[in-house]
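Within every chain, numbering begins at 1; the chains are lettered A, B, ... in the order of the sequence lines, protein sequences first and strands thereafter.
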Protein chains: 2
Amino acid sequence: MSVELVQERNSDQRRGGTVDFVVQHLVDGILHGRFAPGQRLVARDLTEEMGVSRGSVREAFRLMAADGLVDLVPNKGVTVRRLSRHQTRDLFEIREVLEGLAAKLAAQRINVNDNRAMFESMWRTVRPRGHHLAWDIFIEHNRLFHRTIVSVGGNLLLKDAIDKLQLPIMMVQVGRMMADENIQQSENDHATIADAILDGDPGRAAEAMQNHLRELADWVLALPDSAFKREEN
Amino acid sequence: MSVELVQERNSDQRRGGTVDFVVQHLVDGILHGRFAPGQRLVARDLTEEMGVSRGSVREAFRLMAADGLVDLVPNKGVTVRRLSRHQTRDLFEIREVLEGLAAKLAAQRINVNDNRAMFESMWRTVRPRGHHLAWDIFIEHNRLFHRTIVSVGGNLLLKDAIDKLQLPIMMVQVGRMMADENIQQSENDHATIADAILDGDPGRAAEAMQNHLRELADWVLALPDSAFKREEN
DNA sequence: CGAATATGATTGTAGGACAATTTTGACAGA
DNA sequence: TCTGTCAAAATTGTCCTACAATCATATTCG
């Protein structure tokens with residue numbers, strides 16, 4: 001039924017990108033559910049699967065562990081990270097201030113260069129239109145929305161910092177449970193945030209963003225224990 | 001004149017910590033000025049210097065690159081990171097909200113468990129005493145102060161996030177220019193922050209911390225171009 | 001059935017090999 | 001003296017092999 005889809009590395013690719021290739025393969029696999037949270041990643045299997053050396057795989061593991069995408073336990077190996085309820089709460093607290101900052105900066109800088117054009121272009125494609133939105137499309141819209149805000153904000157390090165917040169993991173872990181009402185709510189929030197940014201009102205933008213994330217956090221944290229990794233304390 | 005101080009790896013150390021050993025050696029070297037910002041790190045030199053394999057060194061490079069401590073350019077190698085003025089500003093913006101959050105959380109949780117005891121103990125050792133403080137002692141106090149606040153705040157991921165903010169780099173790059181007046185000012189700020197936290201006033205704590213960092217940022221950003229990496233745009 | 005043990009799998013680390021690429025240093029010409 | 005060119009040397013990226021330490025699993029024994 002299913003074709004053995006072996007992703008061998010395109011060998012005409014330039015030297016120097018092997019590790020990145022491995023990382024992307026793994027991230028992709030996580031996002032598409034091919035590697036489930038908690039699953040162990042065996043180095044040698046991956047070397048065969050992708051036709052790269054074990055050294056490159058290990059480097060990719062280190063990188064991803066530093067970014068919090070996997071857990072690396074000495075002598076035991078690497079597993080796709082799963083967040084506990086506590087960690088999820090901590091993560092949202094951080095996300096709230098970082099994305100709040102991003103929204104504030106975006107509102108401050110909406111009128112420099114072609115920021116307004118960029119933002120409006122994004123907003124035209126993700127603006128709520130009332131009709132039902134499939135989960136994976138919403139996820140895509142959501143990502144684009146948040147990334148554009150960070151981008152307009154103009155703080156490059158902030159982009160990295162937010163990227164390193166293991167959001168993909170959380171979304172995979174938790175996102176499939178999102179119901180239509182949540183999507184609806186999020187889209188409304190987005191509209192409020194977009195308004196504030198387009199108005200160039202930093203305070204209102206930051207607050208709207210923080211409210212948005214706090215709501216989302218409340219909903220996520222109300223999920224049953226089964227959605228989270230067991231607390232290990 | 002100078003003794004050839006070769007830090008060979010203590011071989012009775014348990015298996016599984018080689019990479020961490022390399023990282024620590026490098027971070028130490030950076031902090032102590034043995035590796036200057038901008039300096040290139042040659043893999044093979046390090047393998048000989050520390051008696052570890054090249055693979056381990058490469059893994060350490062990846063880790064540090066992910067943490068922003070070094071720049072890793074394909075085919076060219078690894079250099080100790082140097083921040084541009086722009087990056088420094090971006091960094092302070094992020095630090096302001098993250099440490100502001102830490103201070104807020106600390107004030108909220110100062111009365112749970114033995115947090116108050118821990119905080120007061122820290123504060124007894126770093127509290128300003130009026131007499132002149134050497135730069136490196138101040139740096140140590142400063143680190144302890146900020147880390148304790150994060151710790152009392154109780155958000156473990158926040159600790160990681162702040163650690164990954166390349167503060168060591170910035171301090172090395174910029175810190176040696178700190179004059180007594182800056183140290184004085186910082187110590188005053190610390191007292192204000194500590195008061196707010198001990199009073200359990202989250203809003204005041206966060207604001208005091210943010211003010212502290214904003215002042216520091218203003219001072220750092222007023223330094224001459226020579227303190228920063230050339231802007232590459 | 002539970003505990004001890006043997007067996008196999010996987011990791012951590014060292015080290016060699018070799019082509020791709022960059023850096024260095026020498027050299028000729030302006 | 002400066003500058004561009006080119007070969008030599010150094011360094012990187014990647015793969016490979018090897019082997020002990022450690023973990024996971026199956027098996028045997030009580």
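- Rounded to whole angstrom, the span from the CG atom of B:Leu72 across to the P atom of D:dT11 amounts to 16 Å.
- Checking A:Thr148, A:Ile149, A:Val150 one by one against A:Val152, the side-chain contact (heavy atoms from CB on, under 4.5 Å) holds for a single residue, A:Thr148.
- Note: CD (A:Glu48) to P (D:dC15) measures 14 Å, nearest angstrom.
- Remark: A:Ser53 is not in phosphate contact with D:dG13, judged by side-chain N or O atoms under 4.0 Å from OP1 or OP2.
- Looking at the side chain of B:Val42, the nearest of the listed nucleotides D:dT12, C:dA14, D:dT14 is D:dT12.
- Per the geometry, CD belonging to B:Gln39 stands 13 Å off P belonging to D:dT11, to the nearest Å.
- Rounded to an integer number of Å, the gap from CZ of A:Arg44 to C1' of C:dT11 is 12 Å.
- Side-chain contact between B:Val97 and A:Leu98 is present, with at least one heavy-atom pair separated by less than 4.5 Å.
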**Request:** Between protein and nucleotides 20-25 of chain C, map the contacts as a letter string: B base, S sugar-phosphate only, - none, heavy atoms under 4.0 Å, written 5' to 3'.
**Result:** BSSS--
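- Counting heavy atoms from C-beta outward, A:Leu83 and A:Lys229 have side chains that stay 4.5 Å or more apart.
- Atom CZ of B:Arg214 has more than 12 heavy atoms from other residues, nucleotides or ligands within 6.0 Å.
- Heavy atoms of B:Leu41 sit under 4.0 angstrom from primed sugar atoms or phosphate atoms, though from no base atom.
- The ring pair (Phe, Tyr, Trp, His ring centres under 6.0 Å) analysis of residues 34-87 of chain B, with sequence neighbours excluded, yields no pairs.
- Here the side chain of B:Arg58 is nearest to one of D:dC15, D:dT12, C:dA14, namely D:dT12.
- Distance A:Arg54 CZ to C:dT13 P: 11 Å, rounded to the nearest Å.
- Remark: A:Arg230 does not engage A:Asp225 in a salt bridge, criterion side-chain N to carboxylate O under 4.0 Å.
- Distances were taken from every side-chain heavy atom of B:Thr18 (C-beta onward) to each of C:dA14, D:dT12, D:dT14; the shortest belongs to C:dA14.
- Regarding B:Glu59, its CD atom lies at a distance of 8 Å from the P atom of C:dG12, rounded to whole Å.
- Here the side chains of A:Met64 and A:Val27 are in contact, with some heavy-atom distance below 4.5 Å.
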